[in-house]
Structure formats: structure tokens, C-alpha cells
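Here the structure is a predicted model, which is why all the values come from computation and not from measurement.
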Amino acid sequence: MQGRTILYTGAAGGLGHQTTLNFLSRGATVVAVDHDDTKIAALTSAAAGIPTGRLMVTRSDLFNLEGFRATIRARLEETGGYDVVINNAAIYPTKSFEEFTIEDHQRVQRINVDAGIVAVQEALPGMKAKGFGRIINIASITLSGG
């Protein structure tokens with residue numbers, strides 16, 4: 001991972017936290033996208049003890065796709081492009097099916113699926129130009145109670 005740049009959504013929580021630290025310890029630059037300030041602070045603190053790699057924390061609400069796209073582009077210019085995209089961010093409202101609204105569904109779709117498409121759309125041209133790239137989409141079967 002030495003010298004690779006990773007765009008990683010959901011990088012500060014759950015699975016993202018430890019794998020981000022692992023990538024940093026192997027010399028990668030990680031553009032860590034998350035929205036939870038507490039998790040971001042914990043990740044930043046843990047990463048401070050890793051002498052290799054570079055952590056670039058990027059706070060973004062993935063529901064705002066155009067804002068997310070602009071954020072990715074700005075970081076792309078700073079890093080020179082992405083070698084790996086990991087779409088890990090997801091939400092899963094915990095309410096019964098009867099309480100689940102169309103707006104809830106649209107929010108889940110936008111964050112869990114559409115934001116991943118935006119990330120790949122922005123990273124792919126640089127990957128093609130380099131002749132190298134990896135795209136990892138993480139999904140879950142987590143559902144709300146019914």
C-alpha cells in the first residue's frame with residue numbers, strides 16, 4: 001500500500017476505523033470521508049501514533065451528492081488521484097417497516113448506493129489514466145426490525 005491513495009467513505013467507524021489505521025501503517029494516504037465528529041476525533045487520535053501514511057480527514061454528508069462530489073474533486077487535486085476507492089459508508093434506520101417512509105428509503109439509497117457511484121465516477125478517470133485502480137463496495141444485509 002506504500003504510496004497508494006485511498007478514498008474511503010465511512011472510514012472513521014466500525015470496519016473503517018481499524019482498516020484505515022492498517023492502511024496508514026502500510027504507507028498509504030487515506031482520504032477518510034465520514035460525518036461523525038466523535039468517530040473522526042477517535043480516528044485522528046489513533047492515527048497520530050502511526051509514523052507512516054497520511055490521513056486526510058474529510059467531513060462530508062453523503063446525502064448531499066454535489067457537495068460530496070466537490071469534496072472528492074478538491075482532495076483529488078491535492079493527492080493527484082485515487083488508486084483505491086472503498087465505499088463503506090452506510091446508514092440503516094432502526095424503525096419498523098410501517099414507520100419507514102419514502103423519504104427514509106431515499107436517504108438510505110442516496111447514502112448507501114448513490115454516493116458510491118459518485119465516488120467511482122470521480123476516481124475512475126484517474127485510475128484509467130494510470131492503468132491501475134481498485135474499487136471495493138462493501139454492503140450489508142442489515143435491516144430494521146419489522
- Task: Under the side-chain hydrogen bond (donor to acceptor under 3.5 Å, both in side chains) rule, collect the residues that match up with Arg134, sequence neighbours excluded.
- Result: none
- Residues, nucleotides or ligands: over 12 heavy atoms within 6.0 Å of His35 NE2: no
- Can you measure from CD (Glu99) to OG1 (Thr94) and round to the nearest 0.5 angstrom? 9.5 Å
- Kindly compute the distance separating OH (Tyr8) from OG1 (Thr20), expressed to the nearest 0.5 Å. 5.0 Å
- 4.5 Å side-chain heavy-atom contact, Phe68 and Val33: yes
- Query: Would Val31 end up clustered with Val84 when hydrophobic side chains under 4.5 Å apart are linked, directly or stepwise?
  - Reply: no
- Message: Working note: Arg59 + Asp36, criterion salt bridge (Lys or Arg N to Asp or Glu O under 4.0 Å); need CA distance, chi angles, decisive distance, verdict.
- Response: CA-CA 8 Å; Arg59 191 179 193 295; Asp36 186 308; over 6 Å; no
- Query: Ile117 and Leu76: same hydrophobic cluster, using ILVMFWY side-chain contacts below 4.5 Å?
  - Reply: no
- Query: Does Asp114 reach the side chain of Val118, with side-chain heavy atoms less than 4.5 Å apart?
  - Reply: no
- Query: How far apart are the C-alpha atoms of Arg110 and Leu65, what are their side-chain angles, what is the distance that settles it, and do they pass the side-chain contact (heavy atoms from CB on, under 4.5 Å) test?
  - Reply: CA-CA 8 Å; Arg110 182 159 298 179; Leu65 296 178; 3.6 Å; yes
- Query: Do we see a donor-acceptor contact under 3.5 Å between the side chains of Asp104 and Thr101?
  - Reply: yes
- Query: Is there a chain of hydrophobic side chains (I, L, V, M, F, W, Y, each step under 4.5 Å between heavy atoms) that links Val120 to Val30?
  - Reply: no
- Query: How far apart are the C-alpha atoms of Leu15 and Asn88, what are their side-chain angles, what is the distance that settles it, and do they pass the side-chain contact (heavy atoms from CB on, under 4.5 Å) test?
  - Reply: CA-CA 8 Å; Leu15 174 69; Asn88 178 53; 3.8 Å; yes
- Would you say Ser45's side chain and Ala42's backbone share a donor-acceptor pair under 3.5 angstrom? no
- Task: Determine whether Phe132 and Met127 make a side-chain contact, defined as any pair of heavy atoms from C-beta on separated by less than 4.5 Å.
- Result: no
- Heavy-atom pair with the smallest gap, counting every atom of Asn64 and Gly67: OD1-N, 2.8 Å
- What heavy-atom pair brings Ala115 and Leu62 nearest, and what distance separates the two atoms? CB-CB, 3.8 Å
- Message: Determine whether Ile138 and Asn87 satisfy the following criterion, side-chain contact (heavy atoms from CB on, under 4.5 Å), listing intermediate values before the conclusion.
- Response: CA-CA 6 Å; Ile138 298 172; Asn87 290 308; over 6 Å; no
- In short, salt bridge (charged side-chain N to carboxylate O under 4.0 Å, His left out) pairs touching residues 69-80 with sequence neighbours left out are Glu66-Arg69, Arg69-Glu122, Arg73-Glu122, Arg75-Glu78
- Message: Looking at every heavy atom in both Ala12 and Leu43, which two are closest together, and how far apart are they?
- Response: CA-CD2, 3.9 Å
- Message: Set out, in order, the CA-CA distance, both residues' side-chain angles and the distance that settles side-chain contact (heavy atoms from CB on, under 4.5 Å) for Leu24 and Thr52, then state yes or no.
- Response: CA-CA 6 Å; Leu24 292 171; Thr52 59; 5.6 Å; no
- Do Thr29 and Met56 touch side chain to side chain, with heavy atoms closer than 4.5 Å? yes
- Which pair of non-hydrogen atoms, one from Leu55 and one from Ala32, has the smallest distance, and what is that distance? CD1-CB, 3.7 Å
- Message: Is there a path of hydrophobic side-chain contacts, each under 4.5 Å between heavy atoms, that joins Ile86 and Ile40?
- Response: yes
- Approximate separation, where rounding is to 0.5 Å, of Gln2 CD and Phe23 CZ: 14.0 Å
- Query: Do Met1 and Val85 belong to the same hydrophobic cluster, where Ile, Leu, Val, Met, Phe, Trp and Tyr are linked whenever their side-chain heavy atoms lie under 4.5 Å apart, directly or via other members?
  - Reply: no
- Between Pro93 and Val108, the two heavy atoms sitting closest are CD-CG2, 3.4 Å
- Message: Donor-acceptor check, side chain of Asp83 to backbone of Thr5, threshold 3.5 angstrom: yes or no?
- Response: yes
- Judged by atom type as modelled, is there a donor-acceptor pair below 3.5 Å linking the side chain of Asn112 to the main-chain atoms of Ile91? yes
- Task: For Tyr82 and Ile6, work out which heavy atoms get closest and say how close.
- Result: CD2-C, 4.5 Å
- Note on the structure: Distance col, row Gln121:CD vs Ile72:CD1, nearest 0.5 angstrom, shows 9.5 Å
